[in-house]
Amino acid sequence: MLDKLSSTLKKATDKIANAVFLDKKLVDSIVKDLQRALLEADVNVSLVLNITSKIKKTALDERISGIEKKEHLIKLLHDELKSILGETKDIELSPTKQNTIMMLGLYGAGKTTTISKLALYYSKRGKKVCAIGLDVHRPAASEQLKQLCDKLKIPAFISPDLKDPVKIYEKFAPQLKEYDLVLIDTAGRDALDKSLIDEIKSISKTAKPTETLLVMPADIGQTAKKQAQTFKSAVSITGVIITRMDSTAKAGGALTACAETKVPVVFIGTGEKPHDLELFNPESFLSRLLGMGDLESLMQKIHSVTDSSALEKTQKNLEAGKLTLKDVQQQLESMESLGSMDKILSMVPGLGKAKEKISSEQLSAQQQKMKNYKHAINSMTPYEIENPEVLEKETSRMSRIAKGSGTSTTDIRNLIKQYKMLNEMIKSQSTMAEGNLDQKTMMKLAKKFGRKKFRM
Ligand code: GDP
Ligand code: MG
């Protein structure tokens, strides 16, 4: 389901998070990837251009820098995508009154199949559900409904001999009263014509549905906009169900088209089987596309602990191709105020999996290492911090620091070694082709430094 879009979005957020410099070349390549993936998912061109131009503008905005810019960008991408996915709507079934959901849609949209899915969905949630077949146009329509429902042990009321949907409804009306939820299957047409509108209106007048849901297959892409608009103005609909999300790359078109028409998508169909139905929630759908953990809470925490002036200085040093031990100290301190490594790993998007591979011993060893580094730096004089090379020349300094900080000279040697490597890398990075870091090197070094990934 939108796998390609998902992997491109994940790559884009990774690129943003991992880049030390977001230079024009890198931003251009991210924007280009995004545009291609969104267009392939059939998202409207003007929506795509709108999103990507905002991203570009923020990325190249010189007034924002460093971590703040990455946060801005990822949040911007997230919010823009969320807004094109529309509003959340939950169908809340009344516990006291009877609920009736009427399905509408053209031929083959997936109405009957979706009725069986909804029947399963709500009966699993403790509701007494039944279905009624009012598709009088296709000879086998009511049989199809009955068969699907029989398999799920859901009562389906059908009357193949009657040709008037309103009469069928009235015939079963007394029996329907026993159910918490009645699902009404209706007939489709090739297009929304007068006969369909009249039929829907007369069924609606009699059955008084609490929800009227338009069913559309995802593979119609952006055409969904026109269809939703036409149905919305002809008969009132309270929501949409998009089916066949599993069998098309164009689902982005159908989803965003509904948002544009301001009709909420309530469910999505993700296969032919009765359990292939999901509640549609733009936020969680997007989290899945972006492969995110709890991004918001991480961002909030970063905001609350980040000393922005110190960060700016670090950023300046980075841009000048120089990282000082002071910067390292600052980084380690903000890591600590963020909480344990373990917690951080589970919050960072995309690191959920990495976390599983790290044992808790490894984690606490990393944490200890970071603590040692921090204590060691705290025991250094400002002169030593500015000129760490003197430590290697004068081993007495190293012993003094080790003693004073409760660490070993090996710890300090490692710290200096890794600090140097990191500095080397940052220097060479500015000459790198894409302006993007050699991520493998970065990961390796950052890992040695006690951080799994040098991101955000
Ligand atoms: P109706 O004419 O609107 O009642 O459409 P049907 O319910 O008869 O469905 C038409 C076809 O779409 C059937 O072959 C269904 O199996 C198929 N279908 C419905 N929903 C989905 C879905 O979410 N995924 C897939 N792959 N097929 C679906
Ligand atoms: Mg049908």
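Ligands are counted one by one from 1 in listed order, and the atoms in each one are counted from 1 as well.
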### Query
Just going by heavy-atom distances, which of M216, E272, R244, K273 is nearest to atom 11 (C) of ligand 1?
R244

### Task
Report yes if R138 has an N/O atom closer than 3.5 Å to an N/O atom of ligand 1; otherwise report no.
no

### Task
Using a strict 4.0 Å cut-off to heavy atoms of T113, name the atoms of ligand 1 that fall inside it.
6 (P), 7 (O), 9 (O), 15 (C), 19 (C)

### Summary
So the atoms of ligand 1 within less than 4.0 Å of a heavy atom of G269 turn out to be 23 (O)

#### Entry: Shortest protein contact, atom 21 (C) of ligand 1 (heavy atom only)
G271 O, 3.5 Å

### Message
Just to verify, which of I51, L39, V48, L9 counts as forming a side chain to side chain contact (heavy atoms under 4.5 Å, CB included) with L34?
### Response
L9

### Task
Would you please determine whether G105 falls within less than 4.0 Å of ligand 1 on a heavy-atom basis?
no

### Task
Please verify whether a non-hydrogen atom of Q144 lies at under 4.0 Å from ligand 1.
yes

## Note on the structure
The protein heavy atom nearest to atom 24 (N) of ligand 1 is D246 OD1, 2.8 Å

### Query
Who's the nearest protein heavy-atom neighbour of atom 5 (O) of ligand 1, and how far?
G110 N, 2.9 Å

### Message
Check the orientation of F172 and F157. Use parallel for under 30°, tilted for 30 to 60°, and perpendicular for over 60°.
### Response
tilted

### Task
Between A109, G108, S116, flag the one that comes closest to atom 10 (C) of ligand 1 by a heavy atom.
G108

### Query
At under 4.0 Å between heavy atoms, which part of K117 makes contact with ligand 1: side chain, backbone, both or neither?
side chain

#### Entry: Atoms in ligand 1 flagged as close to T270, the criterion being non-hydrogen separation under 4.0 Å
23 (O)

### Task
Identify whether the distance between the nearest side-chain nitrogen and carboxylate oxygen of R63 and D61 falls below 4.0 Å.
yes

### Message
Side chain or backbone, does M245 bring an N or O within less than 3.5 Å of an N or O on ligand 1?
### Response
no

### Query
When only distance counts, is T114 in polar contact with ligand 1, meaning an N/O pair under 3.5 Å?
no

### Query
If every non-hydrogen atom of S204 is compared with every non-hydrogen atom of M102, which pair is closest and at what distance?
CB-CE, 4.0 Å

### Side-chain H-bond candidate by donor/acceptor type, R189 with S195, under 3.5 Å
yes

### Message
Would you say that more than 12 heavy atoms from the other residues, nucleotides or ligands in this model lie under 6.0 Å from the NZ of K205, or not?
### Response
no

### Message
Set out, in order, the CA-CA distance, both residues' side-chain angles and the distance that settles salt bridge (charged side-chain N to carboxylate O under 4.0 Å, His left out) for D28 and K32, then state yes or no.
### Response
CA-CA 6 Å; D28 281 345; K32 223 161 118 196; over 6 Å; no

### Message
Strictly under 2.8 Å, is the Mg ion (ligand 2) approached by any N, O or S atom of Q144?
### Response
no

### Query
Do we see a donor-acceptor contact under 3.5 Å between the side chains of D185 and T112?
yes

### Task
Considering the heavy atoms of T112, write down every atom of ligand 1 situated less than 4.0 Å from one of them.
4 (O), 7 (O)

### Message
What I want to check is whether the side chains of Q229 and T261 have a donor and an acceptor closer together than 3.5 Å.
### Response
no

### Electrostatic pair D135:K111 at N-O distance under 4.0 angstrom
no

